[in-house]
Amino acid sequence: MDKKPSAGKGPDFCSLRYGLALIMHFSNFTMITQRVSLSIAIIAMVNSTQQHGLPNASTEGPLADTLNNPSRSMKEFNTGASVYEWSPETQSIIFSSISYGIIVTLIPSGYLAGIFGAKQMLGAGLLISSLLTLFTPLAADFGVILVIVIRTVQGMAQGMAWTGQFTIWAKWAPPLERSKLTSIAGSGAAFGSFIILCVGGLISQALGWPFIFYVFGGIGCVCCLLWFTVIYDDPVRHPCISAREKEYIVSSLAQQSSSPRRSVPIKAMVRCLPLWAIFMGFFSHFWLCTIIITYLPTYISSVLHVNIRDSGVLSSLPFIAASSCTILGGQLADFLLSRNLLRLITVRKLFSSLGLLLPSLCAVALPFVASSYVTTIILLILIPGTSNLCDSGFIINTLDVAPKYASFLMGISRGFGLIAGIISSTATGFLISKDSVSGWRNVFFLSAAVNMFGMLFYITFGQVEIQDWAREKTLTRL
């Protein structure tokens with residue numbers, strides 16, 4: 001009798017748990033669009049981004065670009081919305097402020113989810129983020145300080161929502177379906193990045209940049225209504241779940257070994273070089289990825305001199321490559337392992353090296369091909385695409401070295417990535433504010449250097465063996 005649930009007795013795609021995955025996909029879609037909306041709107045909000053990175057341009061736009069290419073002048077897309085004189089340094093602080101907020105709630109949100117319930121934590125985070133998105137255009141009129149405050153609080157709200165998802169899946173996802181359900185939910189972030197960058201410029205062109213925030217803030221409010229009415233923390237208490245699915249989920253989860261909670265061996269973790277190799281990999285990976293997702297519309301607009309509509313569409317293309325490389329990289333890694341063509345440690349280091357080396361080469365080449373429109377676009381597409389090969393490398397390495405603490409260590413790893421994102425986005429603003437051409441060159445060279453450091457550190461110290469402090473014997477002594 002105990003074997004029946006694990007054999008897949010429960011309903012599959014017509015089940016509540018897959019409905020939960022789709023709703024969570026929609027939630028992740030909403031949060032990433034609200035986070036990235038400023039990256040595309042800033043082109044119209046701050047006219048200086050159209051003038052080769054000059055810090056305080058007037059609102060009358062680039063006269064030279066208008067004369068040379070009038071069909072793409074900013075005036076064509078003028079909808080009467082406000083334009084602000086924010087320097088690149090100020091923009092970098094605004095961009096990074098949301099990461100500050102996420103870091104603040106990264107660890108405590110998981111604890112609070114256990115007290116108040118993951119449904120309430122995630123729903124509240126999504127609702128707060130959506131309301132603040134709607135308020136952003138008005139806040140911009142009051143001043144940059146209020147925008148920074150709103151983005152910081154929005155980051156705190158999104159941090160609550162991101163971490164609350166794992167608590168829900170602990171009670172809803174049967175062990176044999178966790179990767180499938182979490183991938184459905186997590187793919188909302190990649191899809192959201194593509195959509196906001198693709199249609200954000202079109203919305204700004206047709207209605208004005210404030211409507212980018214109004215549209216995706218409104219979508220978030222609708223998602224909140226759906227979330228609070230459909231989602232429950234526990235399948236046992238859900239009024240609409242079928243008896244068959246409830247039995248399947250509960251029985252499959254009951255088969256897991258539920259050892260009592262242990263104290264986390266912090267001292268052993270701090271002294272563990274393989275863990276630091278993973279952390280440095282995350283730091284390097286997020287450094288360049290944050291620059292791409294934050295400044296890509298600005299770079300395309302200022303270097304290639306295209307309007308906000310084309311900038312948004314072009315900026316969305318790399319995320320198609322990123323999604324494709326993630327899937328193909330995972331398939332290739334599993335193929336190499338299943339056929340015993342390469343050892344696990346070789347696969348981890350190979351994909352980590354490719355995911356850090358290839359985007360570095362593309363980034364270094366960008367300043368030298370700026371005059372070629374097609375080559376620049378190709379390199380910009382390849383950077384996030386090849387970077388996502390790391391998903392089959394150090395990104396999942398915590399499952400190898402410390403499976404018992406994988407969730408905790410993933411949170412720490414993301415913390416290192418967020419810190420890298422804050423530093424890189426702030427540094428980028430300061431570098432391009434001095435001189436656009438040399439500034440972007442220094443940005444890409446510095447990113448390549450950081451990636452090379454992370455790659456060499458991981459190749460030297462990365463491992464796949466379960467660490468002594470993460471073994472079951474060690475856990476009984478803590």
Side-chain angles (χ1 to χ4, degrees), residues 36-59 61-62 64-65 74 83-100 140 144 147-148 151 197 201 209 284 286-308 310-312 314-315 318 359-360 362-373 375-377 379-380 383-384 387 419-451:
V36 182
S37 58
L38 187 64
S39 297
I40 189 68
I42 201 75
I43 299 174
M45 294 173 69
V46 182
N47 208 21
S48 61
T49 57
Q50 292 279 33
Q51 295 198 56
H52 309 277
L54 294 176
N56 290 300
S58 70
T59 60
D65 189 50
M74 192 63 191
V83 178
Y84 309 98
E85 294 187 358
W86 294 342
S87 67
E89 297 96 330
T90 301
Q91 296 174 47
S92 68
I93 295 174
I94 296 174
F95 284 140
S96 61
S97 58
I98 196 168
S99 297
Y100 286 108
V144 67
V147 174
I148 294 174
R151 294 280 290 180
L197 291 173
W209 64 260
S284 304
F286 273 74
W287 181 287
L288 182 56
C289 286
T290 302
I291 293 176
I292 293 299
I293 197 171
T294 304
Y295 282 96
L296 184 57
T298 299
Y299 180 80
I300 291 177
S301 175
S302 61
V303 174
L304 299 181
H305 315 308
V306 300
N307 58 49
I308 187 173
D310 295 340
S311 177
L314 292 173
S315 298
S360 299
C362 294
V364 169
L366 271 175
F368 301 101
V369 298
S371 59
S372 174
Y373 183 93
T375 306
T376 299
I377 294 300
L379 291 178
L380 289 174
I383 288 177
S387 181
I419 292 173
I422 291 173
I423 298 174
S424 65
S425 59
T426 304
T428 298
F430 280 96
L431 288 173
I432 64 176
S433 68
K434 306 305 178 183
D435 177 61
S436 179
V437 177
S438 63
W440 282 115
R441 182 175 64 246
N442 293 335
V443 166
F444 293 129
F445 284 2
L446 178 59
S447 299
V450 172
N451 271 15

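Atoms considered below: every heavy atom in the structure, side chains included; atoms not considered: hydrogens, waters and symmetry mates. Keep in mind the model is a prediction, meaning the values are calculated, not measured.
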Practice problem: Mind listing the closest non-hydrogen atom pair of L379 and A365 along with its distance? | Solution: CD1-CB, 4.0 Å

Quiz prompt | Gap between atom OG of S424 and atom CD1 of I419 - 0.5 Å precision | solution = 12.0 Å

Practice problem: Quick one: closest heavy-atom pair of F444 and A363, and the distance? | Solution: CB-O, 3.2 Å

Self-check item: 4.5 Å side-chain heavy-atom contact, W440 and T428
Solution: yes

Quiz item: Atom CD1 in I94, atom OH in Y84: separation rounded to 0.5 Å?
Solution: 10.5 Å

Quiz item: With no hydrogens and no angle check, do the side chains of T90 and S87 hold a donor and an acceptor under 3.5 Å apart?
Solution: yes

Quiz item: Measuring from L431:CG to N442:CG, what's the distance to the nearest 0.5 Å?
Solution: 6.0 Å

Quiz prompt | Minimum heavy-atom distance between W287 and A420, given as atom pair plus value | solution = CE3-O, 3.8 Å

Quiz item: Counting only N and O atoms by type, is there a donor-acceptor contact under 3.5 Å from the side chain of T294 to the main-chain atoms of I291?
Solution: no

Practice problem: Would you sort out whether T426 and F95 count as a side-chain contact (heavy atoms from CB on, under 4.5 Å), showing the intermediate values? | Solution: CA-CA 8 Å; T426 304; F95 284 140; over 6 Å; no

Quiz item: For I98 and L38, what are the C-alpha separation, side-chain angles and deciding distance, and is it a side-chain contact (heavy atoms from CB on, under 4.5 Å)?
Solution: CA-CA 11 Å; I98 196 168; L38 187 64; over 6 Å; no

Quiz item: Given L288, which of L446, I293, N451 fulfils the side chain to side chain contact (heavy atoms under 4.5 Å, CB included) condition?
Solution: N451

Quiz item: Roughly how far, to the nearest 0.5 Å, is the OH atom of Y373 from the CD1 atom of I300?
Solution: 7.5 Å

Practice problem: Pick out which of P359, S360, S284 makes a side chain to side chain contact (heavy atoms under 4.5 Å, CB included) with S387. | Solution: P359

Practice problem: Please answer whether the main-chain N or O of I93 pairs with a side-chain N or O of S96 as donor and acceptor at a distance below 3.5 Å. | Solution: yes

Exercise. Not counting sequence neighbours, which residues clear side chain to side chain contact (heavy atoms under 4.5 Å, CB included) with S438? List them please.
Key: D435, R441

Quiz item: Any donor-acceptor pair under 3.5 Å linking the side chain of Y295 with the backbone of S425?
Solution: yes

Practice problem: Measure the spacing between CD1 of I423 and OG1 of T290 and express it to the nearest 0.5 Å. | Solution: 10.5 Å

Quiz item: What distance do S92 atom OG and I422 atom CD1 have between them, rounded to the nearest 0.5 Å?
Solution: 11.5 Å

Exercise. For the pair I377 and L304, evaluate side-chain contact (heavy atoms from CB on, under 4.5 Å) and give the outcome as yes or no after the intermediate values.
Key: CA-CA 9 Å; I377 294 300; L304 299 181; 3.6 Å; yes

Quiz item: Do Q91 side-chain atoms and W86 backbone N/O form a donor-acceptor pair below 3.5 Å?
Solution: yes

Quiz item: Would you say T376's side chain and V369's backbone share a donor-acceptor pair under 3.5 angstrom?
Solution: yes

